[in-house]
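Here is the structure we will look at.
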Amino acid sequence: MPELAEVEYYRRLADTALGREITKVSAPDPWFLKAGLTARALRTAVVGRSFTATRRIGKLLLLDTSGDGPVVGLRFGMTGVLLVDGGRGVDELLYSSMRDEPAWDRVTFHFAGGGDLRVRDPRRLGGVLFDPDEARLGVDAQALTLADLRAALAKSRAPLKARLMDQARVAGVGNLAADELLWRAGLDPAREAGSLDAAEVRKLHRTLLRTFEDLLSGGGSHTGRLQAHRVPGGRCPRDGAELIRRTIGGRTTWSCPDHQR
DNA sequence: ATTGTGGCCTGCCCGC
DNA sequence: TGCGGGCAGGCCACAA
């Protein structure tokens, strides 16, 4: 599913759509337009403008528009794909279909000259929003400092994994990345977030930055070393112990009972 | 405020 | 071969 790495690929792809005049907008699915946005309002606000910059905070892709136009926020849920001029932002997306099915195009910005930028989302868990409240999101995981992480975990009695996935604290950590980085850091996802000592927080911080670097350079969230083993009967690639499956923070969680403490 | 739970969405996979 | 049930998880509403 699109986590930080995939949305970063989408952002880079969206860069190729900058500076092109938007001539038409197709938004056939009202459900996909969030926070009261309508197809009419979307059209009125962006037709005649162009995208001027792409930004990303966690899993939220932000497209600035020219003049005094709105910031267009794109969310991809777990199955959303970005396409520009028919080309995809990613080649593989776990849990989503890669079928070429135009009926799944939930919003399309058509450009002068014939190209377009579209969000294709079979499951409709993503969405489009105007001027999203960027302050609601925590620091992007890729830019997270040790002090940020310390502050995000301090005094919390919530499970470590749930805290890491709280987008208001740290933006961009999804379920797969959370399992991967806690496995690498040797930390039990169910630990109380506030129970980590200083050395553990430092290690988690180093591991977090390194993990996102690896997932990004490796080609996406599905390229983690734990990924292939997150299945019934799967064994820890580090020590061979049978992985355990739990629900933590409402999410399916795989971890090693031996080295994750 | 913090933490936990349930529901939304629907393609896909499994077992019968 | 078709069918039905369960599953996946990002996000949000809501409860305690």
Side-chain angles (χ1 to χ4, degrees), chain A residues 1-8 10 27-37 56-62 73-82 89-90 92-107 119-129 132-138 140-141 151-182 189-195 215 220-222 224 226-234 243 245-255:
Chain A
M1 74 294 313
E3 294 195 12
L4 184 151
E6 282 75 19
V7 179
E8 176 59 20
Y10 295 170
D29 183 359
W31 161 265
F32 210 72
L33 305 179
K34 304 301 182 184
L37 184 60
R56 180 189 60 74
I57 306 176
K59 306 165 195 170
L60 175 66
L61 178 61
L62 299 162
L74 299 180
R75 291 197 177 281
F76 297 92
M78 73 179 281
T79 58
V81 178
L82 186 76
V90 297
E92 184 177 345
L93 196 59
L94 219 53
Y95 305 123
S96 185
S97 171
M98 288 290 107
R99 265 168 56 199
D100 188 23
E101 183 53 76
W104 295 336
D105 292 346
R106 308 301 176 187
V107 65
V119 177
R120 178 172 291 176
D121 184 2
R123 299 266 290 279
R124 305 167 78 211
L125 284 165
V128 182
L129 52 167
D133 182 0
E134 301 177 27
R136 281 183 53 197
L137 291 170
D140 184 77
L153 303 182
K155 299 192 184 83
S156 171
R157 305 196 61 181
L160 176 56
K161 177 175 174 178
R163 198 71 167 183
L164 287 172
M165 290 182 64
D166 180 347
Q167 302 298 304
R169 310 270 172 188
V170 179
V173 181
N175 197 43
L176 298 182
D179 278 5
E180 174 76 19
L181 73 94
L182 289 170
R191 281 266 299 274
E192 279 189 12
S195 75
L215 295 177
S221 300
H222 62 284
L226 182 65
Q227 181 54 46
H229 309 276
R230 293 174 86 262
V231 291
L243 297 173
R245 178 191 191 276
R246 291 174 287 179
T247 298
I248 297 173
R251 290 290 156 248
T252 301
T253 300
W254 294 86
S255 63

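Chain identifiers are assigned alphabetically (A, B, ...) following the order of the sequence lines, protein sequences preceding nucleic acid strands; residue numbering begins at 1 within each chain. Hydrogens, waters and symmetry mates play no part in the numbers below; they use all other heavy atoms, side chains included.
- Here A:E3 pairs with nothing under the salt bridge (Lys or Arg N to Asp or Glu O under 4.0 Å) rule; sequence neighbours left out.
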Would A:N175 and A:K161 satisfy side-chain contact (heavy atoms from CB on, under 4.5 Å), going step by step from the backbone distance to the final call?
CA-CA 9 Å; A:N175 197 43; A:K161 177 175 174 178; 2.6 Å; yes

Please list each protein N or O that sits under 3.5 Å from an N or O in nucleotides 6-9 of chain B, with the distance.
| from | atom 1 | to | atom 2 | distance (Å) |
| --- | --- | --- | --- | --- |
| B:dC9 | O3' | A:R124 | NH1 | 3.1 |

Step by step, would you call A:R245 with A:T252 a side-chain contact (heavy atoms from CB on, under 4.5 Å)?
CA-CA 7 Å; A:R245 178 191 191 276; A:T252 301; 3.7 Å; yes

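- As rounded to whole Å, 12 Å separates atom C1' of C:dC11 from atom CG of A:L60.
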Test side-chain contact (heavy atoms from CB on, under 4.5 Å) on A:L160 and A:L153; report intermediate values, then the result.
CA-CA 8 Å; A:L160 176 56; A:L153 303 182; 3.9 Å; yes

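- For A:R191, the salt bridge (Lys or Arg N to Asp or Glu O under 4.0 Å) partners are A:E200, not counting sequence neighbours.
- Near DNA chain B, defined here as any heavy-atom distance below 4.0 Å, the residues from residues 156-172 of chain A are A:S156, A:R157, A:A158, A:P159, A:R163, A:R169, listed numerically.
- Checking C:dA8, C:dC11, C:dG10 against the side-chain heavy atoms of A:R75 singles out C:dC11 as nearest.
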Produce the list of close N/O pairs, under 3.5 Å, pairing protein atoms with atoms of nucleotides 13-15 of chain C; give distances to one decimal.
none

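- A search for salt bridge (Lys or Arg N to Asp or Glu O under 4.0 Å) contacts involving A:R251 returns nothing, not counting sequence neighbours.
- The side chain to side chain contact (heavy atoms under 4.5 Å, CB included) search around A:E192 returns A:R157, A:S195, not counting sequence neighbours.
- Going from atom CG of A:D100 over to atom P of B:dG11 covers 15 Å, rounded to whole Å.
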So which protein N/O to nucleotides 12-16 of chain B N/O distances come out below 3.5 Å?
| from | atom 1 | to | atom 2 | distance (Å) |
| --- | --- | --- | --- | --- |
| B:dC12 | OP1 | A:S97 | OG | 2.8 |
| B:dC12 | OP2 | A:R99 | NH1 | 3.0 |

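- The CD atom of A:E101 sits 13 Å away from the C1' atom of B:dT10 (whole-angstrom rounding).
- Take the nearest nucleotide of DNA chain C for A:M78 and for A:L129: the residue whose nucleotide is more 5' is A:M78.
- With sequence neighbours excluded, the residues that form a ring pair (Phe, Tyr, Trp, His ring centres under 6.0 Å) with A:F76 are A:Y10.
- Between the two ends of the helix from B:dT2-C:dA16 to B:dC16-C:dG2, each summarised by a five-pair axis, the helix axis turns through 40° (rounded to 10 degrees).
- With sequence neighbours excluded, the residues forming a side chain to side chain contact (heavy atoms under 4.5 Å, CB included) with A:R169 are A:A152, A:R163, A:D166, listed by chain and number.
- In this structure A:R123 satisfies the salt bridge (Lys or Arg N to Asp or Glu O under 4.0 Å) test with no other residue, sequence neighbours excluded.
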Between A:L182 and A:T253, is the side-chain contact (heavy atoms from CB on, under 4.5 Å) condition met? List the steps.
CA-CA 10 Å; A:L182 289 170; A:T253 300; over 6 Å; no

